[in-house]
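Just so it is clear, the values below take in all heavy atoms, side chains as well, and ignore hydrogens, waters and symmetry mates.
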Protein chains: 2
Amino acid sequence: MASIAEKREQSRQLLIETGLKLFSQKGFEATSIRAIAKEAGISLGLMYNYFPGKTDLLRAIFQEGQSDIEATFEQVQESMVGLPGIERHIRNIVSLLKEKREFWRLLHSLRMQSEIVTEMMGSIEQQVAYIQQMIGNNLKEVGYQNPAEEALLLFATLDGMASHYLLDPSYPIDDVASYLIQKYKKAQ
Amino acid sequence: MASIAEKREQSRQLLIETGLKLFSQKGFEATSIRAIAKEAGISLGLMYNYFPGKTDLLRAIFQEGQSDIEATFEQVQESMVGLPGIERHIRNIVSLLKEKREFWRLLHSLRMQSEIVTEMMGSIEQQVAYIQQMIGNNLKEVGYQNPAEEALLLFATLDGMASHYLLDPSYPIDDVASYLIQKYKKAQ
DNA sequence: ATTTTATGAACGAACGTTCAATCAATATAT
DNA sequence: ATATATTGATTGAACGTTCGTTCATAAAAT
């Protein structure tokens with residue numbers, strides 16, 4: 001039995017999902033409120049009962065995606081307790097990419113035009129910086145001579161892999177990840 | 001003394017430059033023809049004497065940028081004849097990034113929403129694939145065991161470095177590039 | 001005099017947003 | 001239990017704005 005609040009939350013979720021789908025496909029500016037409403041099977045006007053405006057829907061998508069990623073990060077991290085630090089990080093990032101593909105696509109397509117989203121990007125950049133620092137710490141523990149530069153480089157590699165995977169679903173990200181991990185094991 | 005054809009070409013160039021500047025800053029959809037006309041100091045209607053429409057301006061920007069990059073690629077390549085293959089490639093790409101920053105920003109911001117630009121991206125992707133193959137060949141010559149996978153990885157790294165540099169002008173791309181080159185020298 | 005260059009008002013379409021209206025559901029009164 | 005009142009959910013036409021594009025008109029050049 002669905003209460004009113006539950007139905008409301010359900011519709012909210014539907015709009016967030018549909019918005020994410022269309023924004024990540026065609027871009028934020030090129031996607032109209034009307035298109036989202038039609039795709040979600042909700043009337044144009046009703047959208048404004050859930051979100052004050054288009055930007056607020058985007059904001060909600062960002063927040064939802066961010067907490068989703070945070071949760072998945074913890075969860076995947078726990079499932080890889082046995083693995084060494086760097087391998088765990090790499091595998092974790094690959095998992096996140098696969099699981100939240102649309103969200104990452106949206107992120108990557110919006111991060112260049114910061115006019116729209118400086119405020120929204122802020123907390124995500126923070127989170128990314130945190131992960132990068134964790135990687136740096138791991139590299140230092142393992143005994144790298146230039147952990148900071150190595151972390152910068154590894155971060156670039158991971159970001160590049162992500163871009164290529166987001167651009168092309170058939171990109172062999174698992175193979176590349178395995179190869180990368182193997183290189184770090186050898187270097188150690 | 002400027003001939004008519006020269007003045008025309010000059011105005012065309014101005015519009016291409018201004019378009020590139022604004023598109024790369026605020027995005028294609030979010031930039032209006034009016035904004036470009038005002039910034040370039042050319043009247044709204046006159047733009048249609050140079051380009052049939054907004055999309056055609058973007059197309060011209062792409063073509064211009066592509067041949068620019070091709071020319072710069074050759075030129076920089078020649079200025080680095082003494083360097084070993086991989087180092088030359090890496091330095092070359094860094095040079096291209098610095099010299100054509102706005103164009104790369106536009107490229108990176110548009111490549112996710114392929115609806116607009118599948119046709120325009122095609123030839124550029126081709127060019128990128130060519131560079132990647134050249135890197136692969138170099139790696140094979142140098143004697144890498146998995147040249148294909150290594151090339152895939154190196155390409156991801158370079159792309160990631162590019163993204164980070166495009167997002168943040170203060171990104172120490174020269175340092176990272178030097179560090180990357182150093183790693184390849186050691187591995188050899 | 002004729003052609004080319006240049007202008008910005010005007011046009012239709014599409015956008016984000018608002019709002020009067022209808023519909024459904026629940027509460028209240030009889 | 002039925003009828004009535006009240007509240008909230010839902011709709012899409014309508015509004016004002018901005019967009020890409022066109023066009024009558026004027027200025028400049030030939």
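Side-chain contact annotation: A:E64 with A:Q13, donor-acceptor N/O pair under 3.5 Å present. Counting only N and O atoms by type, the side chains of B:S163 and B:R105 include no donor and acceptor under 3.5 Å apart. For the 3.5 Å distance criterion, the side chains of A:E150 and A:Y184 qualify, holding a donor opposite an acceptor.
Ring pair A:F103/A:F62 is perpendicular by interplanar angle, where above 60° counts as perpendicular and below 30° as parallel.
Ion pair B:D159/B:R111 flagged as a salt bridge, since at least one NZ, NE, NH1 or NH2 atom sits closer than 4.0 Å to an Asp/Glu carboxylate oxygen. Remark: B:E102 does not engage B:K21 in a salt bridge, criterion side-chain N to carboxylate O under 4.0 Å.
Taking for each of A:A30 and B:Y50 the nucleotide of DNA chain C with the nearest heavy atom, the 5'-most of the two is the partner of B:Y50.
The environment of NZ in A:K54 is crowded: more than 12 heavy-atom neighbours from other residues, nucleotides or ligands sit within 6.0 Å. Sparse packing is recorded around CD of A:Q133, with 12 or fewer heavy atoms of other residues, nucleotides or ligands lying under 6.0 Å away.
Interface limits on DNA chain D: the 5'-most and 3'-most nucleotides within less than 4.0 Å of chain A heavy atoms are D:dT10 to D:dA14.
In this structure, A:Y171 has its ring center no closer than 6.0 Å to that of A:Y165.
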Find every protein N or O atom lying less than 3.5 Å from an N or O atom of nucleotides 18-24 of chain C, and list the pairs.
none

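Among B:L166, B:I93, B:D168, B:L97, the one residue that satisfies the side-chain contact (heavy atoms from CB on, under 4.5 Å) test with B:I173 is B:L97.
Taken residue by residue, residues 31-38 of chain A places heavy atoms nearer than 4.0 Å to DNA chain C at A:T31, A:S32, A:I33, A:R34.
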